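Note that the structure is a prediction, hence the values are computed from the model and not measured.
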Amino acid sequence: MKVDLPSLGPRQKVREQVAHALRAALVSGEMRPGVVYSAPAIAVRFGVSPTPVREAMIDLAREGLVAVVRNKGFKVTELSDRELDEITEVRELIEVPAVVRAAERGQAARVRALRPLAGEIVAAAERRDVLAYIDADHRFHLELLGLCGNAHLVRLVSELRYKARLYGVPRLAERGELAPSAREHEDLLDAVAAGDGDGARTLMRHHLRHIRGIWADRPEQHGPEHHRPERR
């Protein structure tokens, strides 16, 4: 894995940082289904003791993201195409109306405060840092949805986002093709700040098509005709 941790603090903070880094590695495909990961090996990679790593992996197991392999470690839970399609469909049902609502609330100042975070996404894309890209993208969308004032909605979307698989993103980054998608976040902010609900709706749907299409290494699902997931 290529995952790194920031400066570490108390044990609980280490546990949270490890869990956060592992979620990003899982979403991006750095951690793949079928491979058994041991807590001691991950601990060496992070430069921490095995205990907070085991605790973090147990947290991920409770979330259904990994499964315990007795006396060996943990492995990433594999999701079928149908399950990923259904997750994307639920996200569209939640997130598209949410960004429209955010646009209609007229919160230009709060929207402008998200501009630096959108800039982080672009910067990560330009330096081809996949894990930083996914982390900034995750934080950006949760902050944007937070403008609706519904904490339950934000928590649900966060859980759904961590279940996604964006295996195509590293390939896009390697080819230098991630930056245009990164700039869509700035376009989305412009639409929300301007109170353009229709524009925000279109941009969010386009973004979600990316997630289940080219970002998930499923290019055949990328395009206007696939704005809703195919059933399999």
Side-chain angles (χ1 to χ4, degrees), residues 6 16-17 20-21 23-24 27-28 87-164 166 168-169 172-173 176-216 222-224 226-229:
E16 293 170 358
Q17 289 176 331
H20 185 71
R23 289 188 190 97
V27 171
S28 69
I87 288 170
T88 306
E89 186 171 11
V90 172
R91 287 189 55 187
E92 181 174 344
L93 291 171
I94 295 173
E95 293 182 63
V96 172
V99 297
V100 173
R101 182 180 175 188
E104 292 174 345
R105 283 193 162 194
Q107 304 176 86
R110 293 184 64 190
V111 174
R112 283 195 297 271
L114 297 179
R115 186 71 60 177
L117 190 49
E120 282 187 39
I121 300 172
V122 174
E126 290 177 344
R127 67 176 183 268
R128 305 185 185 189
D129 187 336
V130 173
L131 295 181
Y133 179 96
I134 289 174
D135 176 64
D137 175 77
H138 185 90
R139 288 184 288 119
F140 172 88
H141 284 282
L142 296 190
E143 291 285 344
L144 182 61
L145 294 173
L147 297 177
C148 294
N150 187 327
H152 294 285
L153 181 152
V154 174
R155 280 195 296 271
L156 176 58
V157 170
S158 179
E159 292 170 5
L160 291 172
R161 288 179 65 88
Y162 279 131
K163 291 179 183 294
L166 305 180
V169 171
L172 290 174
E177 297 175 3
L178 198 54
S181 296
R183 295 189 183 95
E184 291 175 3
H185 297 83
E186 296 175 331
D187 295 336
L188 182 57
L189 279 185
D190 289 340
V192 175
D196 182 2
D198 289 338
R201 179 185 294 109
T202 299
L203 288 165
M204 195 65 212
R205 281 178 173 163
H206 180 68
H207 184 70
L208 289 170
R209 286 201 299 271
H210 277 321
I211 291 170
R212 196 61 193 111
I214 55 174
W215 290 4
H222 175 59
H226 294 297
H227 72 277
R228 282 193 178 276

Considering all heavy atoms of both residues, which atom of [X] and which atom of [Y] are nearest to each other, and what is their separation?
| X | Y | value |
| --- | --- | --- |
| Ala200 | Val192 | CB-CG2, 4.1 Å |
| Gly199 | Ala191 | C-CB, 4.1 Å |
| Leu160 | Ile87 | O-CG2, 3.8 Å |
| Ala182 | Tyr133 | CB-CE1, 3.7 Å |

Could you go through Asp190 and Arg115, starting from their C-alpha distance and side-chain angles, then the distance that decides it, and tell me whether this counts as side-chain contact (heavy atoms from CB on, under 4.5 Å)?
CA-CA 9 Å; Asp190 289 340; Arg115 186 71 60 177; 2.7 Å; yes
Could you check whether the rings of His185 and Phe140 sit parallel, tilted or perpendicular, using 30° and 60° as the cut-offs?
perpendicular
Find out whether [X] and [Y] are in side-chain contact, i.e. whether some heavy atom of one side chain is under 4.5 Å from a heavy atom of the other.
| X | Y | value |
| --- | --- | --- |
| Glu92 | Met204 | no |
| Asp137 | His207 | yes |
| His20 | Asp135 | yes |
| Leu188 | His141 | yes |

Could you tell me whether a side-chain N or O of Gln107 sits under 3.5 Å from a main-chain N or O of Leu147, the two making a donor and an acceptor?
yes
Identify whether the distance between the nearest side-chain nitrogen and carboxylate oxygen of Asp196 and Arg201 falls below 4.0 Å.
no
Tell me, which pairs form a salt bridge (charged side-chain N to carboxylate O under 4.0 Å, His left out) where one or both residues lie in residues 95-112, sequence neighbours left out?
Arg91-Glu95
Residues 118-127 vs salt bridge (charged side-chain N to carboxylate O under 4.0 Å, His left out), sequence neighbours excluded, gives Glu120-Arg139, Glu126-Arg183, Arg127-Asp129
More than 12 heavy atoms from other groups under 6.0 Å of CD on Glu143:
no
For Arg155, side-chain contact (heavy atoms from CB on, under 4.5 Å) partners two or more places apart:
Ala151, His152
